[in-house]
Amino acid sequence: MASNQILRELQWAQQAIKSEGLNLHSISFYLSQPTSGCYQETENSISINISKEDLPFFSPLLTTLAGPGRHNSSLRNLEFHKVEWDSQQVRHLGTLLGNNQNVQHLVFRRNRFNGKSLSDLSDILKANRVIKEIMLSESGIGSVGAGLIASALRVNDSLEELQIWEDSIGSRGAEELSKMIEVNSTLKLLTIFDSNAITATPLISAVLARNRRMEVHVWSGENREKSSKVVEFEPDNSTLRIYKLNLSGTCRVTCSLGMNFTVKSLDMTGVRLKSRCAKEFRLVLEQNQSLKEVNLSRTCLKDKGIVYIAAGLFKNRTLQTLHLNGNWFSGMGVEHLLCPLSRFSALQRQANITLTCITFGGERTRIGRDGLAAVLQFLITNETVRQLGIHNDESLRSDDFVKIFKSLEKNASLKCLSLQGCKRVEGEILLKTIMETLQINPWIEDIDLSRTPLQNSGRTQRIYQRLGQNEKTEPDMDSVKDMPLTEPKNCRVFFCGQECAGKTALCHSISQNFSSSALPYLDQVRTIVNPVELAVKSVGMKIKTFKDEDTTISIWNLAGHHEFISLHDLMFPGHGSASFFIIISSLFRKPSNKEPKSSTEIEDDLQYWLRFIVSNSKRAIQQCMLPSVAIVLTHSDKINQPSQNLQRTVESIQRLRDKFQGFVDFYPTVFTVDARSSASVSKLTHHIRTTSKTILQRVPRVYQLCNDLIQILSDWRSENYNKPAMKWKEFGELCQLKIPPLRIRSRHDNKEKVEMKRRAIATCLHHIGEVIYFDELDFLILDFEWFCGEVLGQLIKLNVRKQHSSENNGFISRKELEKILRGSLQSPIPGMGSKVFENLDASDLVRMMLKLELCYEEDPSDPNSLLLIPSILEEGRGKPQRWQLSMPDCVYAGRHLECDDSSHMFLTPGFFPRLQVHLHNRIKAVKDQHGATYSLEKYLISISINGIYIRVELGGQLGYYIDVLACSTKNLTETLRVIHQIVIPAIQSVCHGITLTENVLRPECVRKLTPPRYRKTQFASLQQLKEALLSLPAESMYDYQHTWSSVLDSGRPILQDGFDFARDLLSDDDFREVLHRRYNDLYSLAQELQVPPENNPEGQGQSITLRDEAARVEPTFGGIAKGVEEVLQRLKIIEQEIRDLKQEIQGLRYYEHRLLLELHRKVNHLATFNVQVEERKVPNMIYFVRTENYTRRLVTTMLSGMNALRLHMLCEFRGQMHVVEDQVGCEIMQVDNAAVKSLAPYMKKFMTLVTLALKIGAHLAAGMGQMIPDLSKEVAHLAGSSVLCGAAGASAAGVLGAAAMGRRNRSMEGSRDIQQDLRAAQQWVVDFLRERNCSSGKDIAEKFGLWRVRYMDNGQIAWICRRHMYARSAEINEVPI
């Protein structure tokens, strides 16, 4: 009965599989069970148990599952328990898997395979492309089975998970699987549980070596021990953990990490390592570029192993965290470990800058004295490590930890320090040191003292409280301006003079005059060995410092040699600096002979240095006082008696005093000394002492902190082997450690403000002469002698040309320059090369050269920009100079740009190299270059652009002018346009505040390329040329001629005298500027005159035109303005119609002619206005002239108290009013108030007409000539006067003042009638002439050359000259009085 039931269940299972009615996902076969049966576990899964007796049913079931037509079956999982596979059953399984494309998971638990069945299973896996997971558990496949499976997976590209549990595949099977891993890239999970841990080595090695992102778990249970994990790799978090491996296995796995990029975290805690493995790990650190974290705690590493790891850290650029707790190394190991993380000199770079966390220590780690020294050096110099841990240490004492915390005062990078478990972290001294360190160093965020005696005693509360305070934001710090000030204590004296002037000997003698007891010992020694120094050391700047009571006086001996000139600007004191100058000149040309200098030579010497002082003083931001200068003449001991040459020298010095008055403060006494005699220089020494104290009282006060820092910097040098240079980072550490006001008090403080204060203090120290500091350079120079002598002296003499071919036209790459610097400065000069590079790097020297303008960047925004080295450029003078073009139709033009105040200033030596670079960049930036070329010589720039050849020449090395010469096939306007749009803007942009005036060079000088010494007089001011054109009538402008003088050289003619037309000197743009200025002047004046007539304020119905000849025009200024309205309209039409320059000039001529006619017609109305003052017995049109310096100037306004005036009268002939030549006039001794009251209103209105005439050139036609004053200058100081008002004042003030003064004038116009003005003026004239007995017609004719006549046509009376009497006799009748 039971057997029948079992049979029915198995048949039901077979039928259910065949019919697919259950929609099965999983089927589990359990063979060799006590009883057979079938039951449904879930809705989609069944279990089939088959007893030993019913084993024959297994094959039919497989056959049913493998039957045809089951391609769409939902079956996913098959699980087989205790199946002993024969070859036929495996084939049925293969058929099943082939027909059913949905089975993805196969599980074999405690199955048994023979050799044939394993081979068949391997063949099935090779062909199958569906199965994703296979699990073989306790199936005894051994190494052979593992090999067969591995061979199948070399081909299979669908299987993702392979698990082999509790099967001893052995090392051979593991090797086969590792070979499979090398070619299979689809397997995602590999889990091995083996009896031997050795199987893990080849598997994980292959995964790492081939960079497979395959999750690996390897377990082992050797000798029936409890199973444990051997190795695991999780690609999702890139973590590899090795729990136990033998030595060879560890080495193999380590080697596989060399080129791996899938592992970022490696944990080998507890795996025993030896030096052999550590040696392999060194290579891993050097090669691997992905490892971020390594944990080698409790790996039994000794000193040798640590040495290998440290060696790997030197080249590693990715590792961030390294844990080495619980190892067995000593202080030597610590020393090697921290070496790549430390620096041992100022110029050495930290080898490893990526590691941010490192921990070590343990009961068997003996740090010792050597290790402690390494830890201290690491903490002082490291700039990258954020976390340091020393755990469970028993070797360090309490005072060792005190030293560790002391060294943290200078560390700004470490955030967390862990000392957990250290036995000797105890004591009140240590606690106090920790608190002091936290006071100075706000960057420490956490100190871990767990399991230390200090923590166990409960005394760490204060530490954590302070750490919390460091985290809080401190209130805003005081700004720089709030820092306390004090009087400076340091004064600098600059010895200026040419070579062999005796500056060094003079300095030596002055040092002997200072009390020896007041001199520091080192200075005493220097004074003794000074002659030896002079013989051995190279020539350069020297600085000597003396103490005078509480004042420090430093003498800066500026080298007079030619190559040191470029450094003088750099050494010039800053604004407000306590300093003065001693200019030293020898009375003799050479110290070795008695050939005296001429007074001219001495004057040239002194003048150069005076111009140098003035030029640099003018560039200072703030000039609180004039530079103080004293003059010293040396070698006076060679003069036996006063000579005429000495007297001329004294006179030339007096001339210089007068010339530079207001620019420098001259000391009245000229010192004549024997520089070698201390007695001879005693008065000069006294002058230096007294002047120093005076200047220190007058200059602005300095920051109090500067005086404190002077001693602190001195102490720092003593502690650091007298280092001559200090990195900015070291200066910051010193401020943080020693100067509370410059300390960052919280890590959330405004660091920029503190940095700004520190830089302000450093700059102040630079100004007072204690350090040399520039913002662009990240270091301070503390030893001037070393800096000026060894560094600058060598840089200036650096001959780049010998080591570099100027293929790049004077430009060189930064790297090549650094290479040249290293080669030059490391030459075998005693005590030279090593000392420079011990304190400064080659890149520092390049930046210094840029700052000193010994080289220049082509593109400052590009860090790899080429550099221009002026010393590469060759001197071009002496070579034959000629233009590349020689065609007869070439245009030649030139511009001469000169310092506005060339007698007191000049262009500094760095100007022209800066221009060479800047102009080079401008030419490169021109979009339409047309093959532009650019070549350089030492004092010449040659440019060819778009057919225009341009030469830019410097007027001597210390010149005060720049010449721009051009030769072109284009017209003059196009040529000058290139100069004005490219060249001149570049020149002006690098002048640094020096004003350059533009002049026109003589074209013949440009054509012949006349040497600069001959063309010093062959230029004319561009502005004066334009002014000359403005003063001409329009028809004369284009043909204006400028005359040139001749040039002779020893009587030999170089250039003949001649002339050039204005059209050959100025471009069309220049002419248009002149014409538009004339238009604007006329338009503005006419606009100013346009006010409504007095009888019609609204101006309605007053349209007076030129065509309306019959209309009666009122002789008021409003009427005159309305009269020229038509001309103004014509002006607008002309401005719209002009097409070229000549047409524009024609338009201006027409406008001027019409306006002049209208002016005369209106003036005639005014002159003949029917004012019956004694029946016109005196002329109307009067004016006054004053004689000044043999010239006659027109008086534009009347002021009470004026004297030496002459009254003159104009010829009043209608339409032709003019000045009467050779008119005697009548003298006025003094102008009283009555005269001012009567004449001021008339003068105001009459001068309006005169000014209008001036603007259009009518004064020439009227004969006034040079009497017309420059009204724009006069109005500058008369505009505020109550007398100068009206349109005359407005027009004189020009366009800008017209509107404002016009409003004032219009209000005055309404208060006074023109008739009253004329009556008052004429009555004054009648009274004045009567007082002078000049009231008859005969008297007026004698003094004024005017006769009274009547016009025949209208009967009006006028006073006219003799010329008009004869020329117009047919129109007039004489009417004697």
Side-chain angles (χ1 to χ4, degrees), residues 565-570 611-612 615-616 618-619 800 806 808-812 849-862 865-877 881 893-902 905-926 929 932-945 948-966 976 978-999 1001 1006 1012 1019:
I565 289 177
S566 59
L567 299 181
H568 292 163
D569 294 342
L570 175 74
R611 290 172 71 193
F612 159 75
S615 299
N616 283 282
K618 291 293 184 184
R619 289 210 309 266
V800 181
S806 56
N808 291 327
N809 200 14
F811 290 91
I812 185 175
M849 291 179 71
L850 287 168
K851 177 62 185 176
L852 305 185
E853 297 184 351
L854 299 176
C855 65
Y856 303 84
E857 288 180 299
E858 179 185 16
D859 182 5
S861 62
D862 181 9
S865 167
L866 292 176
L867 304 175
L868 171 67
I869 313 290
S871 60
I872 297 179
L873 302 175
E874 296 182 355
E875 173 72 67
R877 289 172 180 168
Q881 304 290 329
R895 290 294 183 264
H896 175 88
L897 304 177
E898 185 175 307
C899 289
D900 189 38
D901 187 7
S902 58
M905 303 176 70
F906 53 68
L907 298 171
T908 56
F911 164 78
F912 201 67
R914 280 198 307 273
L915 176 62
Q916 288 173 319
V917 176
H918 191 66
L919 193 53
H920 173 268
N921 295 339
R922 275 187 177 256
I923 297 298
K924 285 183 63 179
V926 175
Q929 293 187 28
T933 61
Y934 187 87
S935 62
L936 300 176
E937 293 179 9
K938 199 167 188 66
Y939 305 118
L940 173 67
I941 303 172
S942 298
I943 306 168
S944 167
I945 180 169
I948 299 174
Y949 294 85
I950 300 175
R951 292 168 59 95
V952 183
E953 299 180 1
L954 175 67
Q957 186 187 11
L958 298 176
Y960 54 88
Y961 65 88
I962 293 284
D963 284 343
V964 183
L965 316 177
L976 290 177
V978 171
I979 292 176
H980 281 100
Q981 291 178 357
I982 297 178
V983 181
I984 292 182
I987 293 172
Q988 292 172 337
S989 65
V990 295
C991 277
H992 294 313
I994 296 178
T995 303
L996 295 177
T997 57
E998 185 175 351
N999 301 274
L1001 272 173
V1006 180
F1019 58 85

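Computed from a predicted model, the values in this text were never measured in an experiment.
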Which residues share a side chain to side chain donor-acceptor pair (under 3.5 Å) with D963, sequence neighbours left out: H896, R1015

Taking all heavy atoms of [X] and all of [Y], pick out the closest pair and write down the distance.
| X | Y | result |
| --- | --- | --- |
| E953 | P1012 | OE1-CG, 4.1 Å |
| E998 | I984 | OE2-CD1, 3.8 Å |
| A986 | S989 | O-OG, 2.8 Å |
| L996 | C899 | CD2-N, 3.7 Å |
| A893 | L976 | CB-CD2, 3.8 Å |

Test log, rule side chain to side chain contact (heavy atoms under 4.5 Å, CB included), inputs L954 and I962: CA-CA 5 Å; L954 175 67; I962 293 284; 3.6 Å; yes

Sole candidate of L1001, I941, I943, V983 that passes side chain to side chain contact (heavy atoms under 4.5 Å, CB included) when paired with V964: V983

Interatomic distance, L965 atom CG to I950 atom CD1 [nearest 0.5 angstrom]: 10.0 Å

Pairwise distance CD1(I987) to CD1(I982) - rounded to 0.5 angstrom: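 Separation between the atoms: 12.0 Å.
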
Set of side chain to side chain contact (heavy atoms under 4.5 Å, CB included) partners for S865, sequence neighbours left out: E857, E858, D859, D862

